[in-house]
Amino acid sequence: MWSMVIQYDNNHHRQTPFVLYFPLLVHKKTASHVWQRHLHSIYNSSHHPDMPDWNNTESNQKMKSILFDQLVPSRLRRGIRSMPSTAFSSFHNNSNNDQEFSSNNNNNKNNNNNDNDSVAYIMKIVQERIAYLKQKNTNHETPSEKEARPLQIVVLGGSVTAGRGCWPGRSMTNKKCAWPRRFEFLINQLLGKSLFGNKAGTDNNSIIEVHNIAMGGISSHQGTAFVKYWMYPQDSALQKWGPDIIINSFSTNDALPPWGETEDVARKVYSGAKGALEAFVRVALQIRSPLEPKERCSSIEKPPPPLVMFVDDYVGHQQDSVLGELSYNTAMVQIANWYQSHTMAISYADVVRDLVYQNTHETTFSAQWYPNDRKTNKPKFSVEVHFGHYGHISIAWVLAFGVLELVTQYCGDLENLPRDDNQESSDSTNLGKRQQLTNNHNNILPPRLTDSLSLDKISQEWFTPPQIMNSSTTNNAMTLDCSEVNTSETSKEKEQPQQNANPCIMAWVAGPVGLNANGVNQVMRQYSTRNDGWKVETDAKDGWKQKIGWVATKAEASFVMELPKVSKDVHVISLMYMKSYGEKWKDSRVKITILGSSSNTNTTTELRGSHESQVSIAFTEEIHLTEPVLQHSNLQLHVELVGGTTFKVLG
């Protein structure tokens with residue numbers, strides 16, 4: 001592959017592009033050509049060091065057969081369902097349209113001077129990281145340039161993405177086996193092998209870092225909360241910089257059909273998935289790093305939104321209707337295309353679906369749908385979604401090919417910019433003009449894709465102030481005007497604005513993403529003023545062991561949390577909790593009361609902890625306060641079990 005990388009001047013304005021040759025680069029070739037040319041390198045870079053048990057002759061031969069004989073480029077291309085409309089995809093607009101756009105977008109003129117091209121920004125990070133590591137490893141000394149950080153990728157998903165069933169005989173989930181870890185290892189090996197040899201992909205030489213924070217039983221609803229409230233692992237680079245790429249891999253849980261529904265199931269799954277994915281992408285494209293203002297503005301001014309990538313790793317089986325099984329995929333592609341300035345959609349399911357449907361007994365690419373029935377000892381068609389490690393390595397290949405296609409297309413678009421023969425400096429002039437127009441277009445969030453959105457009003461709604469990324473009208477706690485920040489290390493003439501950019505006054509979540517049992521206990525001891533019958537549960541006997549939580553252990557159990565002198569006004573409290581099934585969870589219901597210093601801030605609601613679906617799954621409830629709890633006031637949260645004998649709070 002080859003890559004066109006964008007160069008910036010000291011004021012972070014884009015200059016004429018130049019070509020940088022990475023390892024494996026082949027000038028002016030398609031993704032298919034590069035993939036085939038380097039197939040042996042891809043295969044050799046796919047041997048997982050964390051899974052020595054599978055590095056044997058039989059497993060290696062099967063893996064090679066999958067890569068060389070089955071997942072050929074013509075098949076891999078099926079997985080590319082939507083590509084981001086990168087910097088040079090929407091320039092063929094007439095002058096009237098340009099004028100109309102400018103008149104509708106005057107209120108966003110302050111944001112037009114930043115580079116809003118997510119793909120160019122990502123490639124720049126990779127370029128600088130490789131250059132830094134090359135200098136470091138060649139000279140065997142500290143490079144003269146400031147250390148360039150690895151590209152930060154966060155993957156959010158459910159139990160499939162967490163690796164459940166990936167490594168049979170090991171733990172219930174195994175993130176070392178799951179496809180995010182495999183993708184990280186593959187890319188670091190491919191980009192770094194010729195530079196760093198056997199040290200490629202080590203912590204000190206990583207070009208990309210993939211943070212897999214998937215956990216079982218959650219969906220895009222909870223993923224949206226994780227992104228919105230910056231609930232990334234402590235002490236990780238994500239906490240400082242945030243992700244450059246956000247991968248939504250909730251396809252399995254977003255495709256879960258409503259329990260007990262028998263009519264119009266396909267439409268209901270599609271509608272639910274579309275709404276959840278749209279909420280996710282709108283939050284992801286507007287959130288920003290909660291760095292201190294000075295630190296943020298001393299880096300590249302106002303980085304573009306992250307690239308949001310949907311990865312469909314759901315093949316089945318959760319319902320018998322084939323159209324129903326395709327509903328999530330339809331919604332994913334529609335949302336990715338609607339928000340295409342900064343989104344991309346990759347579908348592993350579309351790459352292998354025909355292979356699976358032609359033989360539903362196969363277990364290479366899908367789960368085992370015909371396990372032996374315990375009573376009859378004969379195969380029985382069953383609901384199962386968790387596949388083994390061949391499926392996970394296949395997803396890593398599908399995703400790697402999609403990224404390669406993105407890079408080659410992007411660079412081809414850059415190189416083939418139309419020229420104005422009447423201007424000597426046509427390259428830089430045309431580039432600047434087109435970039436200005438693209439920044440304007442890419443700054444705009446389209447209106448929500450709802451049933452009520454009509455063609456006669458869509459143009460007006462497209463440019464209403466709330467749709468503008470990074471606009472102060474979005475009430476986005478992460479926005480910052482860098483022109484008001486003095487980034488000088490020595491000057492004290494200008495007072496720095498003090499701003500707590502994190503939207504939460506306090507946040508925690510239990511489980512693999514967040515706190516273990518001890519951590520939950522510490523939080524509750526710190527903030528609880530009264531506790532009668534609640535404790536941390538980690539027992540796997542009556543529920544999936546990944547779901548650590550704060551649990552009611554008896555009827556009428558209650559607790560009170562108090563946050564004294566809150567650091568900012570509180571308008572919303574988000575509660576993550578579990579719904580489960582069976583006799584233990586029958587009639588489970590809690591009453592929640594939120595109190596502030598004023599009597600007008602009393603807010604009450606009730607939540608159910610049981611449902612008919614035969615799964616234990618997480619839900620998120622946003623409780624909007626009748627009146628905000630004002631800064632420096634005390635906030636109390638009263639939780640009382642008013643039905644059943646148990647309830648589980650997850651965060």
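For the numbers below, each heavy atom of this structure counts, side chains included, while hydrogens, waters and symmetry mates do not.
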Pair Arg81 + Asp312, salt bridge at N-O below 4.0 Å: no

Under 3.5 Å side-chain donor-acceptor pair for Thr161 and Asp313: yes

Aromatic plane relationship, Trp35 with Phe401 - under 30° parallel, 30 to 60° tilted, over 60° perpendicular: perpendicular

Trace of the ring pair (Phe, Tyr, Trp, His ring centres under 6.0 Å) decision for His611 with Tyr581: CA-CA 6 Å; His611 59 180; Tyr581 60 96; 7.3 Å; no

Arg77 and Asp350 ion-paired at < 4.0 Å: no

Flag side-chain contact, heavy atom, 4.5 Å: Pro84 against Leu307: yes

Note, Leu406 side chain near Gln409 side chain (heavy atom, < 4.5 Å): no

Over 12 non-hydrogen atoms of neighbours within 6.0 angstrom of NZ in Lys586: no

Counterpart residues, side-chain hydrogen bond (donor to acceptor under 3.5 Å, both in side chains), relative to Ser74 (two or more places apart): none

Ring-ring centroid check His40 Phe68, cutoff 6.0 Å: yes

Evaluation steps, side chain to side chain donor-acceptor pair (under 3.5 Å), between Ser382 and Trp369: CA-CA 5 Å; Ser382 303; Trp369 294 348; over 6 Å; no

Residue pair Phe310 / Val281, side-chain heavy-atom distance below 4.5 Å: yes

Lys/Arg-Asp/Glu bridge criterion (N-O < 4.0 Å) met for Glu537, Lys648: yes

Pair Phe619 and His221, ring centroids less than 6.0 Å apart: no

Contact check, side chains of Leu445 and Arg282, non-hydrogen atoms, under 4.5 Å: yes

Derivation of the side chain to side chain donor-acceptor pair (under 3.5 Å) call for Thr363 and Gln368: CA-CA 6 Å; Thr363 57; Gln368 187 176 15; over 6 Å; no

Distance, nearest 0.5 Å, that separates CG of Asp69 from NZ of Lys64: 9.5 Å

Working for ring pair (Phe, Tyr, Trp, His ring centres under 6.0 Å), residues Phe226 and Tyr232: CA-CA 7 Å; Phe226 288 168; Tyr232 299 127; 8.5 Å; no

Thr330 and Gln334: CA distance, side-chain angles, deciding distance, side chain to side chain donor-acceptor pair (under 3.5 Å) verdict: CA-CA 6 Å; Thr330 302; Gln334 189 174 64; over 6 Å; no

Ser321 and Glu325: side chain donor to acceptor below 3.5 Å: no

Partners meeting ring-ring contact (aromatic ring centres under 6.0 Å, His included) with Tyr357 (sequence neighbours left out): none

No-hydrogen, no-angle side-chain donor-acceptor test under 3.5 Å, Gln319 and His317: no

Phe280 and Leu156, any side-chain heavy atoms less than 4.5 Å apart: yes

Pair Ser588-Ser610, side chain to side chain donor-acceptor pair (under 3.5 Å): steps then yes or no: CA-CA 6 Å; Ser588 173; Ser610 63; 5.7 Å; no

Rounded distance (nearest 0.5 Å) linking atom OG of Ser347 with atom CD1 of Ile80: 11.0 Å

Asp244/Arg149 salt bridge by N-O under 4.0 Å criterion: yes

